[in-house]
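Numbering starts at 1 and runs along the sequence shown.
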Amino acid sequence: MLRHAAQRLAMAVPVMFGVLLVGFLLMQVVPTDPAVVRAGPTASAEVVDAIRRDLGLDQPLWVQFGLYIWRLAQGDLGVSIINNVPVAQELGATIGPTLELMAASLVWSIPLGIGMGTVAAYWRGSLLDRVVMAISVAGVSVPVFFLGLVLIWFVGFQWQWLPFTGRAGPLWTLEGLRAIALPAITLGGVFVGPVARMTRTAVLDVLGAEHVRTARAKGLPERLVVLRHALRNALIPVVTLIGLQIGFLLGGAVVTETVFSWPGVGRLAVGAITSSDLPMAQGTIIVLSLGFILVNLTVDLLYGVLDPRVRAG
C-alpha cells in the first residue's frame, strides 16, 4: 500500500509542475502590466519602470519563472498588487470557508446520490426508477449559477427562510448552518445526478453477478445482499466519478461563492482576475490546482482499499 501511495505521489509532482508552468504563462499573456496596476494610472514612466525592476518584470521569462519556482519552494507566494498584503495570508483566510462549503455540499449529496442510484437499480424499470433518473438528468442539466439564483429568489428573498449572502460563522453554530445552507444545496445539487446515474449503472452490473446469486441462494436477507455484496463491489466506478466530480466541484465553488458572496478561494480568484491582481490570481490557481491533484491522489489510494488487485498492480 505504501509503494502504491509513493508511486501515485511521484506522478503528481510533474503534473503540479506543468500546472505551475501553464499558470505562469497564462498570466504573461494577460493584457495588463502589474507595474502599472501597482503604480496607478497617474504615475510617471520612471516610477513604473522602477516598480517593474523591483518586481523583476524586466528579466527574461525563463528567469522570472525560475525565480517564481524558487520563491514557491520557500513558501513565498508573493504580495498582492492591489492591497500589498501577502498572498499566503489572503489564501489562509479563504481556504477555510471554501473547505466548509465543499464539505457541507458533499455530506448530503454523496449519500443521497448513492441511495437514489441503488434504489433505482433495485427497482429497475419502475416508476421510482424513472423519477430518480429524471431528477438526475435535471440536476446535471441545470447550471450552478441558475440554481443558485433560483434559490436566492424564492428561498432567500420571497419566502425569507434562509440568508443568501456572506458567511455568518462556524458550522457548529445555528447562524453558520443557516448561512451555508443555500450555497451547499446549490453546489451539491449538481453532484447528486452524476453519482446517482453511475451508482445505478454499477449496481445493475453487480446484481447479476455470480456472487450475488450465491448470496441469495444462501438465504441472506435482501437488504444485506444489496448493501454488502452488490453496493460494495459497485463502489469502484462510483468512487472514480466522485473523485472527478469533487475536482470539478472546485470550479463550481468559484461560481457558487461569487453568487452567494461566500468569502472563499473561488471568490478571491474572481476578484483577483477582474482587478488584474496577477500574484493573487496565480496563488489561487495554485491552491485550486493542488486541491484537484490531492483529490485525485486520494481517489487512487481508495482504489487500493476497495480493490486489492489495484495494490498488487
Side-chain angles (χ1 to χ4, degrees), residues 90-113 116 135-196 241-275 277 280-281 283-296 298:
E90 290 283 344
L91 289 173
T94 55
I95 287 177
T98 295
L99 293 178
E100 285 182 358
L101 177 58
M102 293 187 64
S105 64
L106 293 175
V107 74
W108 72 270
S109 60
I110 290 179
L112 180 60
M116 289 171 57
I135 295 174
S136 302
V137 172
V140 174
S141 305
V142 175
V144 177
F145 72 90
F146 180 77
L147 178 59
L149 292 176
V150 170
L151 290 176
I152 287 175
W153 176 254
F154 288 103
V155 181
F157 186 72
Q158 292 289 336
W159 302 333
Q160 298 182 2
W161 287 351
L162 293 170
F164 54 87
T165 179
R167 177 174 178 264
L171 294 184
W172 56 82
T173 63
L174 179 60
E175 293 79 8
L177 289 175
R178 283 173 51 82
I180 204 173
L182 288 184
I185 292 173
T186 300
L187 188 58
V190 299
F191 200 85
V192 175
V195 174
L241 178 69
I242 289 175
L244 294 174
Q245 289 295 115
I246 291 177
F248 290 113
L249 206 64
L250 291 169
V254 174
V255 179
T256 305
E257 290 176 359
T258 303
V259 170
F260 289 94
S261 298
W262 189 261
V265 177
R267 185 165 178 250
L268 181 66
V270 173
I273 293 173
T274 55
S275 62
D277 191 347
M280 190 68 72
T284 56
I285 289 174
I286 292 173
V287 169
L288 294 174
S289 301
L290 184 61
F292 192 93
I293 292 173
L294 290 177
V295 166
N296 283 275
T298 303

*Counting distance only, does the side-chain N/O of Ser141 pair as donor-acceptor with the main-chain N or O of Ala138 below 3.5 Å?*
no
*asked:* Side chains of Leu187 and Phe191, heavy atoms from C-beta outward: is any pair under 4.5 Å?
replied: no
*Between Pro194 and Leu241, what is the shortest heavy-atom contact and its length?*
O-CD2, 3.0 Å
*What's the spacing between Ile185 CD1 and Ser109 OG if we round to 0.5 Å?*
11.0 Å
_Test your reading of the model: is there a side-chain donor-acceptor pair from Ser289 to the backbone of Ile286, 3.5 Å cut-off?_
no
*What are the two closest non-hydrogen atoms of Ala181 and Leu162, and how far apart are they?*
CB-CD1, 3.7 Å
*Going through the distances and angles, do Val142 and Val190 end up as a side chain to side chain contact (heavy atoms under 4.5 Å, CB included)?*
CA-CA 7 Å; Val142 175; Val190 299; over 6 Å; no
_So, taking the atom named CD1 in Ile135 and the one named CE in Met116, what distance separates them when rounded to the nearest 0.5 Å?_
4.5 Å
*CD/Glu100 to CD1/Ile95 distance, rounded to the nearest 0.5 angstrom?*
12.5 Å
Which pairs would a plain distance check flag for residues 146-155, meaning a side-chain donor or acceptor within less than 3.5 Å of a matching protein atom at least two apart in sequence or in another chain?
none

_Heavy-atom pair with the smallest gap, counting every atom of Gly188 and Ser105_ = N-CB, 3.6 Å
Enumerate, atom names and distances included, each donor-acceptor pair closer than 3.5 Å involving a side-chain atom of residues 248-273, sequence neighbours excluded.
residue, atom, partner, partner atom, Å
Thr256, OG1, Gly252, O, 2.9
Glu257, OE1, Val265, N, 3.4
Glu257, OE1, Gly266, N, 2.6
Glu257, OE1, Arg267, N, 2.9
Glu257, OE2, Thr98, OG1, 2.7
Thr258, OG1, Val254, O, 2.8
Trp262, NE1, Pro97, O, 2.9

_Minimum heavy-atom distance between Phe157 and Phe164, given as atom pair plus value_ = N-CE2, 4.1 Å
_Heavy-atom pair with the smallest gap, counting every atom of Ser136 and Ala196_ = OG-CB, 3.5 Å
*Identify the two heavy atoms, one from Ala104 and one from Ala184, that lie closest to each other, and give their separation to 0.1 Å.*
CB-CB, 3.8 Å
*Are side-chain heavy atoms of Trp108 and Val192 found at a separation under 4.5 Å?*
yes
